[in-house]
2 protein chains.
Amino acid sequence: MERIDIPKKAIYRLSIYHRCLKRLVELGEETVSSSALAKAAGVKPAQLRKDLAYFGQFGTRGLGYPVEALAAMIRDVLGRERLQPVVLVGAGNLGSALLRYQGFQKEGFEVVAAFDADPEAAVSRGVQVPVFSEKEMEERLQADGVRLAILCVPGPIAQSLANRLVAAGVTGILNFSPVVLEVPEEVVVNNVDLALELEHLSFFVR
Amino acid sequence: MERIDIPKKAIYRLSIYHRCLKRLVELGEETVSSSALAKAAGVKPAQLRKDLAYFGQFGTRGLGYPVEALAAMIRDVLGRERLQPVVLVGAGNLGSALLRYQGFQKEGFEVVAAFDADPEAAVSRGVQVPVFSEKEMEERLQADGVRLAILCVPGPIAQSLANRLVAAGVTGILNFSPVVLEVPEEVVVNNVDLALELEHLSFFVR
DNA sequence: TAGTGTGAATATCTTCACAGCT
DNA sequence: AGCTGTGAAGATATTCACACTA
């Protein structure tokens with residue numbers, strides 16, 4: 001595994017660059033300089049160049065980077081060339097909002113199914129994605145070979161659902177529950193902790 | 001400003017420690033060791049001790065940290081002793097879910113008002129918080145002296161609303177829009193970019 | 001003995017600055 | 001002339017390891 005020494009934050013930035021590049025494609029730009037793209041992404045030019053250099057040489061000295069090709073390479077690096085199916089667990093308030101939220105689809109993720117203890121309730125919230133009983137989770141996950149899950153359940157049950165997801169073959173969890181999940185080390189957990197983000201702001205604001 | 005050399009991530013961790021401490025308070029624990037608390041928070045003991053040491057000495061050698069007092073000091077450091085009012089801008093799908101979401105209240109934040117171009121629609125989504133027309137934003141912000149805002153509007157209009165928030169005295173923005181906001185340097189922006197988090201996972205999962 | 005507080009060592013990440021293409 | 005690619009320097013953050021103390 002050669003990507004061992006790529007800064008984790010660089011991966012985040014890659015996503016941001018990709019988004020900026022998509023805008024440039026729409027504008028019909030053919031090339032972009034590191035300084036222009038860096039500005040759009042809110043980073044320093046040198047950092048952008050270094051981030052890209054981890055994956056190869058894509059630019060032309062004196063000219064810049066080819067917009068289209070660079071976007072394609074980032075998609076490739078991020079594993080976004082063929083799109084990953086995703087499931088969502090816990091279609092409560094936040095969960096069902098995420099299901100209606102267009103942001104994931106816009107970035108090319110397909111939420112193929114949702115699971116909840118009370119599927120009826122979720123459906124009544126206007127969710128389009130099929131919502132199944134949480135009991136069917138394992139069989140459906142395995143049938144579809146799903147590896148990415150969004151977890152939006154209350155704190156106290158988050159760990160046990162995470163365990164079940166992992167056992168069913170999920171290796172990436174986007175966790176909205178305000179809980180530190182324990183998972184085997186081959187599983188990646190990404191925490192989005194809304195209250196924590198607000199709290200963090202409040203430190204800088206007073 | 002002496003907190004200049006405190007790792008930014010340490011502030012995040014402080015919030016996590018605080019959450020764990022609250023649980024310990026409920027359980028009636030009087031003291032906790034760095035290793036126990038670190039385990040609960042998902043960090044190494046040495047890191048926990050270092051994080052706390054930035055703010056003073058709170059532990060007793062051979063014994064551990066007093067749960068209650070430590071929680072109080074963290075609240076103090078995070079500026080959470082008196083609670084900050086927060087507003088939410090953009091009560092669409094995601095925004096109104098956040099308004100119904102109990103997580104903020106549970107952590108002691110009060111969302112005092114929401115603003116949207118179409119307040120009726122938001123109210124019809126079952127939002128309890130008063131929703132005002134986006135036009136009234138400035139006057140109400142200034143009246144209440146609000147300094148924290150949650151921004152959940154579509155990308156294209158995010159920057160202009162951020163500008164208005166800043167002009168009206170907001171100094172901390174929790175930004176859910178998939179856009180890099182430009183703000184004066186005294187303003188802190190905290191980005192929560194849902195699609196980006198998923199994309200990040202997909203890199204590690206393939 | 002159990003467990004904090006911390007300097008020093010290490011690891012990680014960012015920025016500089018410039019050689020080298022086009 | 002303009003802009004990339006990158007080694008080296010600098011800045012930050014984490015971890016170790018142990019002196020110290022209740």
Side-chain angles (χ1 to χ4, degrees), chain A residues 1-17 20-21 24 29-71 73-74 77 180 185 200 203-204, chain B residues 1-17 20-21 24 29-67 69-71 73-74 77 180 200 203-204:
Chain A
M1 187 103 89
E2 33 114 4
R3 65 174 184 253
I4 207 76
D5 48 357
I6 296 171
K8 254 190 312 225
K9 284 193 180 172
I11 305 299
Y12 276 102
R13 289 190 298 258
L14 239 40
S15 293
I16 299 176
Y17 304 152
C20 298
L21 287 165
L24 292 172
E29 301 289 331
E30 307 248 298
T31 59
V32 63
S33 69
S34 65
S35 53
L37 185 53
K39 181 132 186 281
V43 303
K44 297 243 161 84
Q47 180 154 111
L48 167 59
R49 294 201 298 275
K50 189 134 265 194
D51 286 345
L52 299 180
Y54 290 121
F55 303 97
Q57 303 191 174
F58 305 95
T60 311
R61 290 166 198 230
L63 231 186
Y65 296 92
V67 170
E68 190 83 63
L70 189 57
M73 103 74 181
I74 294 180
V77 164
V180 180
E185 67 170 333
H200 187 242
F203 172 78
F204 292 101
Chain B
M1 188 105 87
E2 35 113 3
R3 65 176 182 250
I4 205 78
D5 50 355
I6 296 170
K8 253 190 313 226
K9 285 192 179 173
I11 306 299
Y12 276 101
R13 289 191 298 259
L14 239 39
S15 292
I16 300 176
Y17 304 152
C20 298
L21 287 166
L24 291 172
E29 301 290 330
E30 307 247 297
T31 60
V32 64
S33 69
S34 64
S35 53
L37 186 52
K39 182 134 186 279
V43 304
K44 298 244 161 83
Q47 179 154 106
L48 167 59
R49 294 201 299 274
K50 189 134 267 186
D51 286 345
L52 299 180
Y54 290 121
F55 303 98
Q57 303 193 174
F58 306 96
T60 311
R61 292 170 196 227
L63 231 186
Y65 297 91
V67 170
L70 189 56
M73 102 74 180
I74 294 180
V77 165
V180 179
H200 187 243
F203 171 78
F204 291 100

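Just so it is clear: chains get the letters A, B, ... in the order the sequence lines come, proteins before strands, and each one is counted from 1. Predicted, not measured: the structure shown is a model, and the values here were computed from it. Quick note: numbers below take in every heavy atom, side chains included, and nothing from hydrogens, waters or symmetry partners.
The two atoms that bring B/D51 and B/R13 nearest to each other are OD2-NE, 2.7 Å, heavy atoms only.
Taking atom CG of residue A/L52 and atom C1' of nucleotide D/dT6, one finds them 13 Å apart after rounding to whole Å. Taking atom CZ of B/F55 as the reference point, atom P of C/dT4 lies 18 Å away to the nearest angstrom. To the nearest angstrom, P of C/dC13 lies 7 Å from NZ of A/K8. Taking atom CG of B/D51 as the reference point, atom P of D/dT14 lies 7 Å away to the nearest angstrom. In this structure, A/Y12 places its OH atom 13 Å from P of C/dT14, rounding to the nearest Å. Atom OH of B/Y17 is separated from atom C1' of C/dT4 by 15 Å (rounded to the nearest Å). Here the P atom of nucleotide D/dT6 and the CD atom of A/Q47 are 16 Å apart, to the nearest Å. The CD1 atom of A/I6 sits 13 Å away from the P atom of C/dT12 (whole-angstrom rounding).
The side chain of A/K9 lies closest to C/dT14 when the candidates are C/dT14, D/dT14, D/dA22. In the set C/dC13, D/dA17, C/dT15, the nucleotide with an atom closest to the side chain of B/R49 is D/dA17. Residue B/K50 has its side chain nearest to C/dG7 when only D/dT4, C/dG7, D/dA17 are considered.
For B/Y65, no side-chain nitrogen or oxygen approaches OP1 or OP2 of D/dA22 to under 4.0 Å. Contact between the side-chain N/O atoms of B/R61 and the OP1/OP2 oxygens of C/dT6 is not found at any separation under 4.0 Å. Regarding contacts with the backbone of D/dT14, a side-chain N or O of B/R13 is found under 4.0 angstrom from either OP1 or OP2. For the OP1/OP2 pair of D/dT6 and a distance below 4.0 Å, the side-chain nitrogens and oxygens of A/Q57 include at least one atom meeting the criterion. OP1 or OP2 of C/dT4 sits under 4.0 Å from a side-chain N or O of B/S34. An OP1 or OP2 oxygen of D/dT15 is reached within less than 4.0 angstrom by a side-chain nitrogen or oxygen of B/K44.
Place B/A53 and A/L63 on DNA chain C by their nearest nucleotides, and B/A53 ends up nearer the 5' end. Along DNA chain D, the nucleotide closest to A/A46 and the one closest to A/G62 are compared, and the more 5′ of them pairs with A/G62.
Of the candidates B/T31, B/T60, B/L24, B/L52, B/Y65 forms a side-chain contact (heavy atoms from CB on, under 4.5 Å) with just one, namely B/L52.
Put simply, the side chain of A/V180 does not reach to within 4.5 Å of the side chain of B/V43, judged on heavy atoms.
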| request: Start with the C-alpha distance between A/L14 and A/F55, add both sets of side-chain angles, then the distance that settles side-chain contact (heavy atoms from CB on, under 4.5 Å), and finish with yes or no. | output: CA-CA 11 Å; A/L14 239 40; A/F55 303 97; 3.5 Å; yes
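Between A/Y54 atom OH and A/I6 atom CD1 the span is 7.5 Å, to the nearest 0.5 Å.
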